[in-house]
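Along the sequence shown, residues carry numbers from 1.
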Amino acid sequence: MSRTKTSSVIELLVPLDRASARPLHRQLEHELRDAVRTGRLASGSTLPSTRALAAQLVVSRGIVVEAYEQLAAEGYLVSKPGGATQVATGARPAPPRPPGPPAVPFAFDFRPGRPDLDLFPRATWMRSVRRALNETPSERFGYLDGQGMPELRIALADYLNRVRGTAAHPEHIVICSGFSQGLKLVATVLREDGARRVAIEEPSQGEGRNDLRSMGLDVIEIPVDDRGLRVDLLDAADVDAVVVTAAHQYPTGGVLPAERRSSLVAWAERRGGTVIEDDYDAEFRYDREPIGAIQGLRPERVVYAGSASKILAPGLRLGWFIVPAALADRVTLAKWTADLGSPAIDQLAFADFLARGELDRHLRRLRPIYRTRRDILLASLDRHLPELRPVGASAGLHVLAWLPRDITETAVVTAAQRAGIRVQGIGPRPGGVSAPAGLTFGYGAIDASAIDEGIQRLAAVIAEVRRPES
């Protein structure tokens, strides 16, 4: 990290005890010497000028001059005529950082759910940030009410109603840091209303399952088939809410058909339950028509969840939940209690980005890129691993490939990692060994030119770990 060279603007924390009989210049010497010895002041660091530090500490400049001169004589500081005072090189190296976990080099990374961060529209986003800074009144940068910037909620309602077929009102949108936080906020309110059992799809993402369990809720797994959630099993499951990825089930890619959508909202009405619709990657579709959100069918029973993680970048930490009117105030309060609201400037920039149609343009640019990678992946699987059965490839940023019965999922994932290939399984299944195993191949963040070689190498790995046929 670069260090500032303008010593007049540097601040330095130095505690002084004015009630002590010890002279202030001796106290200052001791504090600075200790800071160098412990590494709090790193070798080569620039210190404030004598005038600046005296002003900060509200002491005479002579006290600082005397302390600096003494420490320079001892070799802790170096002062150049007309230049800044610095910690002497080699006086005491900064303490080494504790070693982190060793980085595992992956030549081929097929992790799912990751967009290509090199495609982030930096220049366009920066223009939106500049407009947010230049045009927003200063008072808008104060504490919010937890619900989120009105500009962003209005822009999101317009966009989601137009593109996803929602029935969103800005007053019913809560801005959060992503799906995980939003799910916890909604679950908090549902639990206060007496909810105890929440259904999730099986298989599904493990994070949501863990979040719900950490809140003391019972998680009931409902199986999916090639058309998504088995809605017909909800009544017998006796649940109060259900989390569903209707537009593109994760990880199988199934699309919930119209009759199941109708049955799902009918269940919610009959049960007095809540549907939490995770619309995580519906903007990316290649071989089918867009399918609207369930929230538009029954806004008073469906919570709609979306985020910027797949369409822009996970690091933005921007998510949004459209909640029923009856829950909006309490979900807002839960958000306020959690963190006092999401960052204002990022929200305002995203609002500008949406309102100017930049997200639409960005997605139009991304779709053919991801489609090309998807096509290469499918062709490579067909060429090198024809025994795998890909499903759910018509949309999203990943493909699930079912494994033959004689291939162990865990063994493949582990052996692939040793070979420098990162691929993800779908994890333990309630059905035990008889349940089908599979691998999820993300193609969003891997370069198109690396896909075929990665699959070819994975084929060699699978050949090595494959169990002999009995």
Side-chain angles (χ1 to χ4, degrees), residues 103-129 159 163-164 177-180 205 207 245 247-251 253 278-288 290 305-320 346 349-350 353-354 356-381 390 392-401 416-417 420-424 439-458:
V104 179
F106 289 103
F108 307 95
D109 194 340
F110 289 102
R111 278 179 296 172
R114 299 166 62 241
D116 190 336
L117 300 181
D118 288 336
L119 300 177
F120 182 80
R122 294 173 183 250
T124 309
W125 184 262
M126 182 58 68
R127 287 195 292 271
S128 291
V129 171
Y159 173 80
V163 173
R164 298 298 302 125
S177 64
F179 177 76
S180 180
Q205 295 192 50
E207 292 84 351
T245 51
H248 187 232
Q249 200 280 327
Y250 185 89
D278 181 7
D279 203 35
Y280 68 100
D281 69 355
E283 284 86 354
F284 299 117
R285 57 190 180 277
Y286 316 112
D287 302 324
R288 62 170 170 81
S307 81
S309 295
K310 308 296 186 296
I311 57 178
L312 284 170
L316 291 177
R317 305 314 305 143
L318 277 172
W320 44 89
D346 292 342
F350 190 38
F353 194 84
L354 278 169
R356 293 177 180 273
E358 297 297 349
L359 181 59
D360 295 85
R361 282 185 279 273
H362 177 63
L363 292 173
R364 283 198 298 271
R365 183 169 69 96
L366 291 186
R367 286 186 189 113
I369 295 174
Y370 289 144
R371 178 172 188 155
T372 296
R373 296 180 188 182
R374 191 271 322 247
D375 291 346
I376 294 173
L377 174 63
L378 292 176
S380 298
L381 288 172
S394 63
L397 295 176
H398 77 275
V399 168
L400 171 66
Q417 288 181 345
I421 306 167
R422 192 162 189 173
V423 66
Q424 186 171 302
L439 301 175
T440 49
F441 294 90
Y443 50 82
I446 188 170
D447 191 84
S449 62
I451 292 175
D452 188 71
E453 183 180 355
I455 298 300
Q456 186 175 5
R457 292 195 187 184
L458 181 64

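Within a 6.0 Å radius of CZ in R122, other residues, nucleotides and ligands contribute 12 heavy atoms or fewer.
Remark: L458 CG to F108 CZ distance equals 10.5 Å, nearest 0.5 Å. Distance CG/L359 to CZ/R364: 10.0 Å, rounded to 0.5 Å. Put simply, CG on L397 and CZ on R111 are 13.5 Å apart, with the number rounded to the nearest 0.5 Å. Rounding to the nearest 0.5 Å places CD of E453 at 11.0 Å from CD1 of I455. Here the CD1 atom belonging to I376 is positioned 12.0 Å from the OH atom belonging to Y443, to the nearest 0.5 angstrom. Rounded to the nearest 0.5 angstrom, E207 CD and F179 CZ are separated by 10.0 Å.
Ring centroids of W320 and Y159 are separated by 6.0 Å or more, keeping the two rings apart.
At least one donor-acceptor pair under 3.5 Å links the side chain of R367 to the backbone N or O of E283. A distance-only check finds a donor-acceptor pair linking the side chain of T440 to the backbone of Q424 [under 3.5 Å].
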task = May I have the step-by-step check of side-chain contact (heavy atoms from CB on, under 4.5 Å) for F353 and R127, ending in yes or no?
result = CA-CA 9 Å; F353 194 84; R127 287 195 292 271; over 6 Å; no

message = Checking L439 against F110 for the side-chain contact (heavy atoms from CB on, under 4.5 Å) test, could you report, in this order, the C-alpha distance in whole Å, the side-chain angles of both residues, the deciding distance, and whether it holds?
response = CA-CA 10 Å; L439 301 175; F110 289 102; over 6 Å; no

task = Tell me, with the steps shown, if T245 and D278 meet side chain to side chain donor-acceptor pair (under 3.5 Å).
result = CA-CA 5 Å; T245 51; D278 181 7; over 6 Å; no

request  = Decide yes or no on side-chain contact (heavy atoms from CB on, under 4.5 Å) for R361 and T124, but give the supporting numbers first.
outcome  = CA-CA 11 Å; R361 282 185 279 273; T124 309; over 6 Å; no

key: Check against side-chain contact (heavy atoms from CB on, under 4.5 Å), R164 and D279   = CA-CA 9 Å; R164 298 298 302 125; D279 203 35; 2.6 Å; yes

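Residues S394 and R288 share a closest heavy-atom pair of OG-NE, 3.4 Å. In terms of heavy-atom proximity, A308 sits nearest to L316 at CB-CD1, 4.3 Å. Closest approach of L117 to P314, counting heavy atoms only: CD2-CD, 3.9 Å.
Residues R371 and F284 have side chains not in contact (no heavy-atom distance under 4.5 Å, counting atoms from C-beta outward). D375 is not listed as a side-chain neighbour of Y286, based on a closest heavy-atom distance of 4.5 Å or more. Looking at L366 and I311, their side chains never come closer than 4.5 Å, going by heavy atoms from C-beta outward. In this structure, L378 and V399 have side chains that are in contact, with non-hydrogen atoms separated by less than 4.5 Å. Residues D346 and R317 have side chains not in contact (no heavy-atom distance under 4.5 Å, counting atoms from C-beta outward). At least one side-chain heavy atom of D109 sits under 4.5 Å from a side-chain heavy atom of R114. Within the 4.5 Å cutoff, no side-chain heavy atoms of I451 are placed close to those of F441. Within the 4.5 Å cutoff, the side chain of R457 has heavy atoms near those of the I421 side chain.
A perpendicular orientation is assigned to the rings of Y250 and Y280, their planes being inclined by more than 60° (bins at 30° and 60°).
Of the residues listed (K310, H398, H248), the one engaging D281 in a side chain to side chain donor-acceptor pair (under 3.5 Å) is H248, and it is the only one. Here the rule is side chain to side chain contact (heavy atoms under 4.5 Å, CB included) with L312, and of P115, P121, S307 only P121 fits it.
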